Amino acid sequence: MKRILTGLQPSGELTLGSLIGGISQTVKLQDEYDSFIFVPDMHAITVRQDPILLKERIRKNVALYLACGVDPKKNTIYIQSENLYHANLSWVLECNTYMGEASRMTQFKEKSKKQDNVTVGLFTYPILMAADILLYDADYVPVGIDQKQHVELARDVAIRFNKLYGEVFKIPEPLIRNVGFKIMDLQNPTNKMSKSSENHKGIIFLLDDEKNIRKKIMSAVTDSEGKVYYDVQNKPGISNLLTIYASLKNISIAKAEEHFKDYNYGNLKKEVADVVTEVLLDIQEKYNKIIDSEEIDEILNRGSEVTSKIAKEKLEEVFKKVGFGRY
Ligand code: ATP
Ligand code: LTN
């Protein structure tokens, strides 16, 4: 059985973008693949985090995975920091990644522009991500388009390592949705909807209440033409609303366009808000039932046990190949 693996940083509250671009693909594929989903908490501290909030969000992430439909019987669910092998492999991979290729990462360039004190961790972030993936021989990595470049870096590093030391790593491939690979900010539809953006008006958080969800969608930025059709260049706001609708309904953009062709913007927004509300309220109901349950710890204990075994074996193989200690 082929393996998929993905993670969503607990660097903020998960958003509609995290659901559509990240979690939903795992849910869709969990029957056909050996599926791994984890909380990359070590990635989160590449940007300063409040320790109490971080701890809360790690648990929230896991509860949200489950509430979004990640089935703990079909998935291995775990926390990155509970497995000490990730950072160890990351070091070896850092020594096999060139400054030039790491410097090309657009997420680093963008995030470092927005911060004053840029850490080395923010720069090496994609290499830790490569370790997350390569430790488990993942075949596919379901992500939004913003993470494609990072998965490609993981591939390049794995190919290089295999050439130098012999076949150790499986070469992973990014798995990106045709529709919904990049959900845009509702107030600023040329930017990605991102949980760490400062202005929350354009972001739908998975735990927003109904009033807020509706308000945010009804005040989404559009254009003055008044016609509903998909044109990312000239109508980014309307195209984003069509994308959200099509992604949640699992239909093509063309079908969504056809459905809304005689709508005005107000009616379009109302129907998109109805669908988003329906999906999110259902997730929230499930979330509220799970968040304080012991089930979360049981699932995480199991995840930690399973992944530690796999990761230990892979890391020892790597250490042997590079000539470390007495491995
Ligand atoms: P940050 O702002 O802290 O960088 P983020 O919101 O951009 O976070 P995550 O939530 O960590 O990113 O991303 C988890 C997964 O969800 C990744 O696969 C990412 O590509 C995907 N994802 C996040 N936001 C979007 C979006 N707006 N559209 C599509 N996919 C997204
Ligand atoms: N960088 C990813 C989170 C992440 C990830 C991973 C995703 C860390 N390690 C391994 C897939 C596979 C992000 O979404 N910001």
Side-chain angles (χ1 to χ4, degrees), residues 3-27 35-49 54 57-58 60-61 64-65 68 78-81 83 86-87 89-90 93 105-108 110-112 114-115 121-122 124-155 172-186 188-200 202-206 240 243-244 247-248 307:
R3 181 171 289 162
I4 54 171
L5 178 148
T6 200
L8 297 97
Q9 285 194 86
S11 51
E13 305 290 325
L14 296 185
T15 71
L16 190 61
S18 326
L19 170 67
I20 294 174
I23 308 175
S24 72
Q25 296 205 82
T26 292
V27 174
S35 176
F36 280 42
I37 184 163
F38 73 107
V39 184
D41 51 349
M42 293 166 74
H43 276 98
I45 64 157
T46 51
V47 174
R48 198 67 70 213
Q49 300 291 332
L54 178 61
R57 287 207 196 105
I58 292 168
K60 268 184 159 176
N61 263 33
L64 277 170
Y65 296 170
C68 289
Y78 56 105
I79 298 174
Q80 184 185 36
S81 66
N83 185 319
H86 290 234
L89 178 60
S90 183
L93 299 181
M105 297 296 113
T106 41
Q107 184 181 296
F108 173 74
E110 280 165 18
K111 285 200 173 176
S112 56
K114 289 189 209 147
Q115 275 173 246
L122 189 65
T124 56
Y125 170 120
I127 308 173
L128 178 59
M129 179 164 162
D132 299 335
I133 299 167
L134 300 179
L135 264 184
Y136 301 102
D137 287 328
D139 294 280
Y140 298 106
V141 184
V143 281
I145 198 114
D146 59 300
Q147 296 299 318
K148 182 168 179 250
Q149 199 185 25
H150 291 164
V151 182
E152 284 167 354
L153 178 72
R155 284 174 64 86
E173 273 180 50
L175 203 68
I176 294 165
R177 293 176 61 127
N178 291 328
V179 178
F181 50 78
K182 190 174 187 184
I183 302 299
M184 301 310 219
D185 187 289
L186 297 171
N188 208 341
T190 50
N191 286 352
K192 193 187 81 154
M193 183 185 285
S194 180
K195 60 175 133 67
S196 52
S197 304
E198 266 165 32
N199 183 359
H200 288 183
I203 312 169
I204 307 260
F205 294 102
L206 296 184
N240 191 35
T243 302
I244 292 173
S247 310
L248 294 179
T307 54

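Treat the numbers as computed from the prediction; the structure is a model and nothing was measured. Just follow the structure's listing: the first ligand is 1, and inside any ligand the first atom is 1. Here, residue 1 is the first one in the sequence, and each next residue gets the next number.
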(message) Among all the protein's non-hydrogen atoms, which is closest to atom 1 (P) of ligand 1, and how far away is it?
(response) S196 OG, 3.3 Å
(request) For atom 16 (O) of ligand 1, find the nearest protein heavy atom and state the residue, atom name and distance (0.1 Å precision). (result) S18 CA, 3.6 Å
(request) Looking only at protein heavy atoms, identify the closest one to atom 4 (O) of ligand 1 and say how far it is in Å. (result) K111 NZ, 2.6 Å
(request) Please determine if Q107 has a nitrogen or oxygen closer than 3.5 Å to a nitrogen or oxygen of ligand 2. (result) no
(request) For atom 3 (O) of ligand 1, grab the closest protein heavy atom and report residue, atom and distance to one decimal in Å. (result) S11 OG, 2.8 Å
(message) Please check whether M184 reaches ligand 1 - meaning an N/O of the residue sits under 3.5 Å from an N/O of the ligand, judged on distance alone.
(response) no
(message) Just to be sure I read this right, does ligand 2 sit under 4.0 Å from the backbone of L8, its side chain, both, or neither, counting only heavy atoms?
(response) neither
(request) Could you tell me whether some N/O pair between L8 and ligand 1 is separated by less than 3.5 angstrom? (result) no
(request) Examine the proximity of ligand 2 to Y136 and report which part, side chain or backbone, both or neither, has a heavy atom under 4.0 Å away. (result) neither
(message) When you measure from the side chain of R155 to the backbone of P172, do you find a donor-acceptor pair of N or O atoms at a distance under 3.5 Å?
(response) yes
(request) Report, in ascending order of atom number, the atoms of ligand 1 lying under 4.0 Å from any heavy atom of I183. (result) 26 (C), 27 (N), 28 (N), 29 (C)
(message) Using a 4.0 Å heavy-atom cut-off, which part of K182 comes near ligand 1: side chain, backbone, both, or neither?
(response) backbone
(message) Give the atom numbers and elements of ligand 1 that come within less than 4.0 Å of a heavy atom of G180.
(response) 29 (C)
(request) Measure the distances from the heavy atoms of Q107 to every atom of ligand 1 and state whether one is below 4.0 angstrom. (result) no
(message) Closer than 3.5 angstrom, by distance alone: can the side chain of N191 be matched with the main-chain N or O of D185 as a donor-acceptor pair?
(response) no
(message) I'd like to know if V141 contacts ligand 2, where contact means a heavy-atom distance under 4.0 Å to any ligand atom.
(response) yes
(request) For atom 1 (N) of ligand 2, grab the closest protein heavy atom and report residue, atom and distance to one decimal in Å. (result) Y125 OH, 2.6 Å
(message) More than 12 heavy atoms of other residues, nucleotides or ligands under 6.0 Å from CG of N178: yes or no?
(response) no
(request) Can you pull out the closest protein heavy atom to atom 21 (C) of ligand 1? Residue, atom name and distance to 0.1 Å, please. (result) G144 N, 3.9 Å
(message) Are any of the N/O atoms on Q9, whether in the backbone or the side chain, positioned under 3.5 angstrom from an N/O atom of ligand 2?
(response) yes
(request) Please could you name the atoms of ligand 1 that D146 approaches to less than 4.0 Å, counting only its heavy atoms? (result) 19 (C), 20 (O)
(request) Answer side chain, backbone, both or neither: which part of Q80 comes under 4.0 Å from ligand 2, heavy atoms only. (result) neither
(request) Identify the protein heavy atom lying closest to atom 9 (P) of ligand 1, giving its residue, its atom name and the separation to 0.1 Å. (result) K195 NZ, 3.4 Å
(message) Need the ligand 1 atom indices (1-based, order shown) with element for anything under 4.0 Å from a heavy-atom of G21.
(response) 29 (C), 30 (N)
(request) Among all protein heavy atoms, pick out the one at the shortest distance from atom 29 (C) of ligand 1; state its residue, atom name and that distance to 0.1 Å. (result) F181 O, 3.3 Å
(request) Report the nearest protein non-hydrogen atom to atom 22 (N) of ligand 1: residue, atom name, distance rounded to 0.1 Å. (result) G17 O, 3.6 Å
(message) Checking the N or O distance criterion of under 3.5 Å, is ligand 2 in contact with T6?
(response) no
(message) Considering both backbone and side-chain atoms of T15, is one of its nitrogen or oxygen atoms within less than 3.5 Å of a nitrogen or oxygen in ligand 1?
(response) no
(message) Just verifying a value: how many Å separate I204 CD1 and M193 CE, rounded to the nearest 0.5 Å?
(response) 5.5 Å
(request) Report the C-alpha separation of Q25 and T6 in whole Å, then their side-chain angles, then the decisive distance to 0.1 Å, and conclude whether the side chain to side chain contact (heavy atoms under 4.5 Å, CB included) test is met. (result) CA-CA 10 Å; Q25 296 205 82; T6 200; over 6 Å; no
(request) Starting from atom 3 (C) of ligand 2, find the nearest protein heavy-atom neighbour and note its residue, name and distance. (result) G7 O, 3.5 Å
(request) Report the nearest protein non-hydrogen atom to atom 9 (N) of ligand 2: residue, atom name, distance rounded to 0.1 Å. (result) D132 OD2, 2.6 Å
(request) Going by heavy-atom distance to atom 7 (O) of ligand 1, choose the closest among H150, Q147, K192. (result) K192
(message) Determine whether H86 and Y136 satisfy the following criterion, ring pair (Phe, Tyr, Trp, His ring centres under 6.0 Å), listing intermediate values before the conclusion.
(response) CA-CA 10 Å; H86 290 234; Y136 301 102; 5.6 Å; yes
(request) Would you give the length of the straight line joining atom CD1 of I244 to atom CG of L186, rounded to the nearest 0.5 angstrom? (result) 5.5 Å
